[in-house]
Amino acid sequence: MKDLTNDEPKVIDEEMLKQAIEEQGPQGQAGDISKKEGIQYEDVLQLRLDYRNILKIFHLWHFTSLTKLQLDNNVIERIEGLENLTNLVWLDLSFNNIQVIEGLEALVKLQDLSLFNNRISVIENLDTLQNLHILSFGNNAIAQLENVLYLRKFKHLRTLNLAGNLICEEESYKTFVTAYLPDLVYLDYRLLDEQTRETANTKYKYAVEAMQQNELQEQQAMEAQKISNEELQLHKDAFVEFLNGPQLFDSMFDEDPDGEKLALLPGMESKMEALCVQIFDAGLTQHAQRTAEVESFFTCSHEAVADNRQKAAQIAADFESSRRQVMEMQQITDVELLEDNISFCQEQASQLSETLMSLELQLVDQLEDIFKDFERNISDMVGGFIEYVHTFAQCRDLENQHHEQQLEIALATLEKVVKNDIDCYKDTVTNAVSASHDTHLLKIDNREDELLTRINSWMSGLLKSIHDEEVKRNRKRVSEIRNYVSYVKDELEDMRMSEHH
Amino acid sequence: MEVLPEVDCEEDVTITDDEEDDDEESSLSNIRITPTVTHIAKPRPQVALSKCPSSYKENSSQEKLMAAMAENFRQQYALLYPDRKALLLCPVNECSVQKFVSTTLRSTLLPYPELYDWEGCASFVADYLSLELLDPPFELPKQLSSPTWVLQTQRGTCFDFSIVLCSLLLGAGYNAYCVSGYATKEMCLLDQSRQECPLLQPQIQDKTEEPKKPMKKYSVKPPRDLHSNFERRQEEKQQAEAEAATLKKQLDAERLQKERERPPPDPLRGLRVHCWVLLLSGNREIPENFFIDPLTGKSYSTTDENFLGIESVWNHQNYWVNKQDCTFGCNEMTFDLGDLSKWEYVLCGQSLSIISDPKTLEEPEDEEEEEMDELKVFEMPPSWVTTIDISPADMEMRYPGGMKVIEYRKAKLEKFAPYLLKDGLVTKLTTYKDLDCTKASTIKEWFKHRSDHLDERELHTDSNVTTEHFRPGRSDALKYHRYVTLVPETERQMDFYSHIRTDGLARRIEKPFEMTETFENRTDFLFYRNAVYGKQIKVIRAGEALEQRPLQRVEERFHRDHSKPASKDVAERIFVVSDRRIQVTFHLEDDRIIPAWLNFIKPKEAADSQKAQAFTPQMVSGFQVDPSTKPYTNLQLYEMLVELMREEENVELHIRDSEKEVRSILSSREKEDSNTDLLISIYNPTRNEMARLHMEEKERMAKEKKQRQKEKELDLLAPSQVRLGLPEVLTSQDALQLKTDCLNEFKQQLFNKASLIQSRIEKETEELQKKQLWYQKNYLTMSNEDEDDYLAYCSDAMFRIHVLKMRLIRHKERAPQKYLALEEKLKRHPRLASHFL
């Protein structure tokens with residue numbers, strides 16, 4: 001049905017797409033309906049564009065729900081224009097002129113990828129495609145056996161086709177692939193048998209083990225990193241990160257060029273650290289308390305909402321069944337009786353709306369009550385913590401003390417060293433010492449400020465989000481009720497109208 | 001040995017008064033035991049007394065001494081308490097020999113797990129024996145048989161019951177005593193017709209109350225109650241009054257009922273002699289003392305009003321007489337047998353060791369023994385009864401003759417041994433509406449070992465409803481069946497073991513025009529299907545007319561499938577077949593209260609003259625919860641409709657399959673009921689014929705194997721050795737001699753055999769030649785028949801000769817081999833080997 005002799009390369013265009021969809025879409029009565037209605041590109045799930053001499057992939061960005069795309073037997077040279085097709089599960093690009101694997105990063109759901117009969121020499125750029133089950137690279141130009149190692153990333157890969165590549169001519173090809181991809185079930189159209197596996201395992205035992213060892217270590221390192229990140233996140237959530245050691249103290253002196261020149265007084269560091277750790281511990285415990293509080297609030301409010309919802313749903317379901325009975329009476333010939341029924345149902349509908357609304361209002365009241373309680377409690381807690389954080393004042397005292405001592409010592413030393421000209425040096429020294437002191441104080445103040453602003457913003461953010469959620473929920477429910485009741489009333493009105501006619 | 005009295009002599013039934021009794025007792029004071037006719041109880045001709053072991057028929061010296069002491073005790077007792085009745089100390093046994101009651105107890109632990117605890121023992125004794133009433137009811141029995149005798153005859157008085165039970169309990173390690181005393185008429189006569197049947201008593205369900213949820217900090221306050229408190233209180237008051245009134249009425253009615261049912265007062269109350277078992281706390285984790293009535297196997301508290309008084313108690317070690325006042329029953333009795341002010345012992349020095357825990361006493365016992373020696377304590381002689389033994393067959397039979405009938409208040413309980421009845425019935429309980437037990441209200445039957453796995457069946461005679469329970473194992477996984485008749489399309493309920501069935505069906509309830517099925521754990525999340533039928537019509541299918549009920553409406557409900565969004569996940573679909581409508585309701589979204597639904601009207605199919613109706617959007621109506629979401633496109637709706645129509649067909653098929661299954665279950669039930677087999681476990685060698693044959697076969701094989709082994713080891717040298725005069729040790733010369741003898745002999749044997757075969761060949765050939773000669777002479781005058789005979793004979797003879805020749809060749813071939821083999825064997829023979837190495 002396609003004109004194969006016409007070998008003028010094409011670009012995918014609207015017309016081609018429309019034709020393909022109409023050909024491949026629903027047939028018979030369903031086809032008529034769909035034609036009448038017009039086809040939405042967003043709804044198409046499968047598309048076949050084979051034997052069309054396509055050179056460039058284009059115009060495909062509308063097909064966001066596409067799961068299967070066949071572009072085989074064309075003259076495509078570059079993989080492009082597939083970024084929006086994130087739901088693709090199956091992609092066939094076989095029998096084209098592709099040289100480089102690219103442009104597939106966004107297709108994370110891809111399970112089956114065929115690049116059979118292309119000009120690919122390196123397997124690459126597939127890192128994000130962790131769901132791959134089936135991969136076909138047959139009839140390409142892969143020459144390096146090491147390309148196979150790249151495929152170790154894909155934990156779900158079971159079927160692989162590399163037949164017709166240069167590497168297949170190597171003697172150890174099969175055993176190499178089997179050994180390095182132990183989860184593989186099919187290779188080059190055939191089931192891997194036990195014997196191949198065994199020979200492969202014995203042959204590459206040590207190499208594979210070493211590789212596994214490395215991978216394991218990497219994984220462990222990643223996990224360790226993850227754990228420490230989590231810990232830091234926890235500390236951040238408690239607003240006391242980097243306070244469980246001498247970090248604050250160190251940072252005080254890091255950005256203080258003069259401080260380094262001045263001798264450090266002993267005892268300062270340990271005292272400072274102790275204070276920091278104190279704040280840190282308190283921060284963590286208070287954080288745990290706050291989390292528990294928040295959790296208990298959420299469980300209770302969710303329970304209340306779920307309870308209310310169940311009640312309302314029951315009422316609505318009861319009404320609906322009685323309404324359906326009335327609707328089924330359409331055939332009744334007795335006009336009066338029908339009229340009675342309709343008006344009764346209408347009455348009931350308004351009653352239902354009232355009941356549901358009052359139930360909703362009741363829930364709103366209840367939630368408001370507990371929200372107030374929660375707000376009070378949580379702000380008390382935050383207040384308590386803020387008060388506790390005033391331990392930073394002690395740090396400041398310590399720094400002041402330190403500063404005085406330093407100044408004293410500096411002056412004394414100065415006196416000893418330079419007996420004359422004391423005044424001119426005195427200013428310099430004093431300036432240096434106080435500059436250092438100022439930096440230190442600033443550091444401490446900054447840290448304190450940061451803590452306070454963050455905890456306050458956290459609190460206000462939380463309270464606001466709860467409030468907003470509640471408002472959203474309420475509006476949704478009210479609109480739902482209104483929508484339903486108006487629907488019911490419309491239906492009843494329709495019925496009455498049809499009766500009168 | 002005593003002369004045995006006539007067995008079938010009748011006892012005088014007249015009530016002996018006290019004087020006579022005293023005379024008897026005095027005659028008993030003579031230690032030489034002379035059984036008199038009056039001592040013999042009812043005849044028991046089934047078991048030969050002569051087979052009893054000698055300990056049954058005579059007294060050892062110790063026993064004689066014991067009897068003397070008992071007699072002494074009795075005299076003193078009679079002197080001290082002239083008002084009290086005589087004690088049961090030394091009654092005669094079944095061989096008419098006087099034995100002390102304690103020695104009649106034979107503590108035995110039988111190898112049946114059910115007899116390891118007191119409940120098992122008590123119910124076994126109650127089931128296994130049948131009661132002989134005491135005659136007269138206010139006298140002690142004259143004879144107390146051994147437990148072995150009682151178990152053999154399976155009948156006995158309450159005393160025999162107690163002795164057997166007490167023996168078993170002592171064997172199981174309980175601190176048990178026989179109690180001789182007085183009880184109410186119902187208890188003595190085993191009359192339970194005023195008691196509720198224990199099987200009918202509602203089982204006390206220990207309701208584990210759910211731990212109350214802790215009040216959470218932020219739990220919402222319930223909405224304010226806007227009802228008047230006063231009104232509510234008034235209402236409550238009224239209700240309480242009404243309740244109190246009804247309760248009172250009920251109580252009155254009950255009292256009246258009781259009044260009516262009360263038995264006439266018993267003139268012999270307090271005089272009826274009874275014997276039961278007392279279990280004291282301490283051993284086997286018994287927390288409190290209690291009585292066991294051996295006739296029913298039930299336990300009673302020691303203060304139960306059915307027990308009116310105690311004369312004495314005994315176990316296998318001692319005998320105690322009660323000194324407490326029993327005018328008001330056993331309410332205030334204490335069972336501290338060491339208390340001398342309350343209990344008088346017969347053998348001194350033992351009471352302590354019996355009452356306290358034997359374990360704690362183990363150590364000081366040695367010391368005490370010395371003391372006891374000084375006190376010259378007399379120990380109770382060992383029991384004269386042989387070990388109690390109950391065969392597995394008897395154990396299984398359990399009831400005398402395999403069945404027992406007990407009458408309760410408004411109920412009759414029949415028990416049968418397993419495999420006794422053909423239909424596997426083991427228990428049958430009939431309850432009645434009236435006290436006279438004439439109008440049955442329910443009949444409940446329990447079965448065992450039935451091949452159709454029926455376990456329980458209950459029939460209510462009023463509603464005529466039968467319910468049946470099945471054990472797992474049926475191919476149709478039926479668990480429960482409630483029905484009136486076994487005719488299909490009537491009212492019934494069937495429960496299934498849903499985890500066995502592939503379709504997960506758990507229950508099917510049928511009414512004349514309705515069928516409801518519930519499912520569990522299905523992969524398609526279906527859990528409910530309800531089908532409503534119309535009037536039966538004739539359907540022609542595959543050429544034959546079927547009576548079928550047309551489907552009018554089918555309703556299916558589904559659980560939530562979390563892999564789909566709620567608004568696309570069908571919760572309920574209703575196929576209104578009669579109306580050509582399909583109604584689909586979707587699941588509720590998480591925070592919604594109103595579900596979405598769609599209502600389809602099926603387009604008409606193509607008929608003879610009309611074309612099929614085309615799908616139009618007007619055929620669908622529905623409600624969308626969220627007005628902002630995109631409505632379904634016509635294509636989607638059309639596809640949904642097509643799918644639903646296909647489903648409708650499937651559903652109908654399913655329902656017809658269900659109907660078919662019901663029919664097949666019913667017919668198989670009918671068949672099973674009329675003809676049941678009993679299943680026999682492969683572990684039951686007494687019944688399982690196959691298993692037994694297999695076992696026997698195995699045994700026989702083992703035997704044969706042994707035999708062959710023996711033959712194999714047959715000594716080759718024996719005959720030659722005998723000729724040499726059986727020297728103890730073989731010299732090497734002897735050995736050589738032996739060997740050559742043996743070999744020669746074997747050679748001779750082989751040669752003999754060869755010549756035997758040769759001679760047979762010659763004989764055959766000779767005969768054949770004779771016959772041939774005869775034939776040549778007479779063949780002209782011969783009849784056809786004779787000729788045929790001759791020819792047959794010739795071919796036969798030729799065949800025989802051929803076989804013999806073959807044998808000879810074979811023998812010649814094999815003989816040298818055999819000879820060599822023997823030589824080899826002799827070389828390795830244990831007795832010769834040493835000489836040839």
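Computed from heavy atoms alone, side chains included, the values below leave out hydrogens, waters and symmetry copies. Chain identifiers are assigned alphabetically (A, B, ...) following the order of the sequence lines, protein sequences preceding nucleic acid strands; residue numbering begins at 1 within each chain.
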Checklist line | From CA spacing to verdict: side-chain contact (heavy atoms from CB on, under 4.5 Å), B:Trp597, A:Glu320 | finding: CA-CA 11 Å; B:Trp597 72 78; A:Glu320 175 65 21; 3.2 Å; yes

Margin query: So does B:Ile593 get a backbone contact from the side chain of A:Arg309, meaning a donor-acceptor N/O pair under 3.5 Å?
Written below: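 No: the side chain of A:Arg309 does not pair with the backbone of B:Ile593.
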
Notebook entry, point to check: Is it true that a side-chain atom of A:Glu480 and a backbone atom of B:Ile594 form a donor plus acceptor pair closer than 3.5 Å?
Noted result: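 Confirmed, A:Glu480 side chain pairs with B:Ile594 backbone.
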
Identify which part of [X] has an atom lying under 4.5 Å from any heavy atom of chain B, answering side chain, backbone, both or neither.
X: A:Leu363; value: neither
X: A:Tyr487; value: side chain
X: A:Arg324; value: side chain
X: A:Asp369; value: side chain
X: A:Asp365; value: neither
X: A:Lys311; value: neither
X: A:Ala312; value: both
X: A:Arg477; value: side chain
X: A:Gln314; value: neither

